[in-house]
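Have a look at the structure below before the remarks.
Chain letters run A, B, ... following the sequence lines, proteins first, then strands; residues in each count from 1.
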Amino acid sequence: MKWVYIEDIAASKDQEVEIRGWVYNKRSSGKIRFILIRDGTGILQGTIYSTEKDSPLFKKFDELTQESSLILRGLIREDKRAPAGFELSIKDIEIIQIAEEYPISPKEHGISFLMEYRHLWLRSQKQHAVLQIRTELIKAIRDFFDNKGFRNMDTPILTPSACEGTTTLFETEYFDQKAYLSQSGQLYNEATAAAFGKVYCFGPTFRAEKSKTRKHLIEFWMVEPEVAFATLDDIIELSEDLITYIIERILEKNKKELDILERDTEPLERIKKPFPRVTYEEALAQLKEKGSKIEWGEDFGSPEENIMSEIYDKPVCITHFPAKIKAFYMQPDMERPDLVLGVDVLASEGYGELIGGGQRIHDSGLLERKIKEFNLPKEDYAWYLDLRKYGSVPHSGFGLGVERTLSWICKIKHIRESIPFPRLLYKIYP
RNA sequence: UCCUCGGUAGCUCAAUUGGCAGAGCGGGUGGCUGUUAACCACUAGGUUGUAGGUUCGAGUCCUACCCGAGGAGCCA
């Protein structure tokens, strides 16, 4: 008998098939019994009908517990009464394992309990929907860059020095040396961009910051494009194109999942180019008008990000930040050397920074001065400075956080649900 | 790291002024011919986070600690 996945069930209408999966729920009503089976691709209702109370099928049905694994065989029928529109008339139940009492019942649970059972919580419908969208999101990101001729050049996770210099790194042993888990592939991207023109890296990044918010993960995934000869304006446009492409794809491919998540898609549907662009100083004026006490030279906190997303109903690009609050490699504005050609793209609906990036310094002398100014060990940046000696060109890039983007698209309350196994402050289980 | 709130059955929660520790869900048993987180009846299930203190008596009050949540800060 043919083994089919529930997502493909329509093609097997009026045929006898085999469904392999787990008991999602079961109900009985005298002579008729229902099994909801999930197989990872969907949930299907199977029915058993018998006039005999102790028929062999009923006996097997009665043994089943929530999440028991089994193979059902039977006829696929169209039936309006079934949740999926199709139903399986069960002719045979093959039990693989009877599950022990499953801790996650179909009723409500607290977050700390669910997080402790994250390995099982993944089976629940909403978690499943979020992660289903995640796989489409990652595919869309790759397609976007691949279709534009970008080369995927992944960068190392183990790095020799505190390349960023500023934020907290995870340290590990590397034979007789120290190594650090990567916080960004950007510096290496600049090298591959000079070799391949336009590149992107896509991988996990690690930040040992003691952040305890709904927007931060200790380990998260980031896609970072880098383009030789590109200016700030070029990569702002690239950011807009990427975000609109992603949104369009998810709206097209993940209707079912967005529906399960009860996501109002209207705010996503209006996300089209161009996005509003404001400079840091213009944003500051808008924020003060709305009552913020932020002063020039301060970075935006989450109250400021929230105000910005109240003002605009699309992602907003903020540019020209004070140099002192941004990284050492950011290209200063020629007319205002105290500002840098950086851009942060803030999501709508209060989801904070999706993208951070900008134009990089390509002048060798200036970069050396900045390294000194930021008190960074020059030896560690010898190879990076080489890139400015051998055919240096203006170049720009950015990083987009996958989990922030996914949280926003799914409108979930906390970023911890946007990755199968979140690493959170002090929490590394399961 | 700071502020606020919380920790009672497997889960979600209740317990009046300090006075018998309780309900729903889940589990078990039985019933029901179309259920949709089914429903109905019965039933088992407790070191009230830990340690100490006040009191005739503490889930409730006090002290310390542990754990969790929300927020802030931190954060290319």
If you restrict it to nitrogen or oxygen atoms, what contacts under 3.5 Å exist between nucleotides 9-12 of chain B and the protein, and what is each distance?
unit_1, atom_1, unit_2, atom_2, d
B:C11, O2', A:Glu108, O, 3.1
B:C11, O2', A:His109, ND1, 2.5
B:U12, OP1, A:Gly110, N, 2.8

Once you apply a heavy-atom cut-off of 4.0 Å, does [X] come out as touching a base, just sugar-phosphate, or nothing?
| X | answer |
| --- | --- |
| A:Glu87 | base |
| A:Lys326 | sugar-phosphate |
| A:Ser302 | sugar-phosphate |
| A:Gln66 | nothing |
| A:Tyr426 | sugar-phosphate |
| A:Arg416 | sugar-phosphate |
| A:Asp79 | base |

Nucleotide [N], atom [atom2] - distance to [atom1] of [X] in whole Å:
| X | N | atom1 | atom2 | result |
| --- | --- | --- | --- | --- |
| A:Phe300 | B:C74 | CZ | P | 14 Å |
| A:Glu209 | B:G73 | CD | C1' | 12 Å |
| A:Lys293 | B:G73 | NZ | P | 13 Å |
| A:Asn306 | B:G73 | CG | P | 10 Å |
| A:Leu169 | B:C75 | CG | P | 13 Å |

Let's test your reading of the model: under 3.5 Å, does the base of [N] pair with the side chain of [X] as donor and acceptor?
| X | N | answer |
| --- | --- | --- |
| A:Glu116 | B:G68 | no |
| A:Lys212 | B:G73 | no |
| A:Ser211 | B:C74 | yes |

Listed nucleotide nearest any side-chain atom of A:Arg77, set B:A69, B:G73, B:G34:
B:G34

Between the protein and nucleotides 28-31 of chain B, are there any N/O to N/O pairs under 3.5 Å, and if so, what are the atom names and distances?
unit_1, atom_1, unit_2, atom_2, d
B:G31, OP1, A:Lys53, NZ, 2.4

Nucleotide-level pairing of RNA chain B, given in dot-bracket where Watson-Crick and G-U pairs need both distances under 3.5 Å and | marks other strands
(((((((..((((.....[..)))).(((((.......))))).....(((((..]....))))))))))))....

Using 30° and 60° as the class boundaries, would you call the ring planes of A:Phe321 and A:Tyr280 parallel, tilted or perpendicular?
tilted

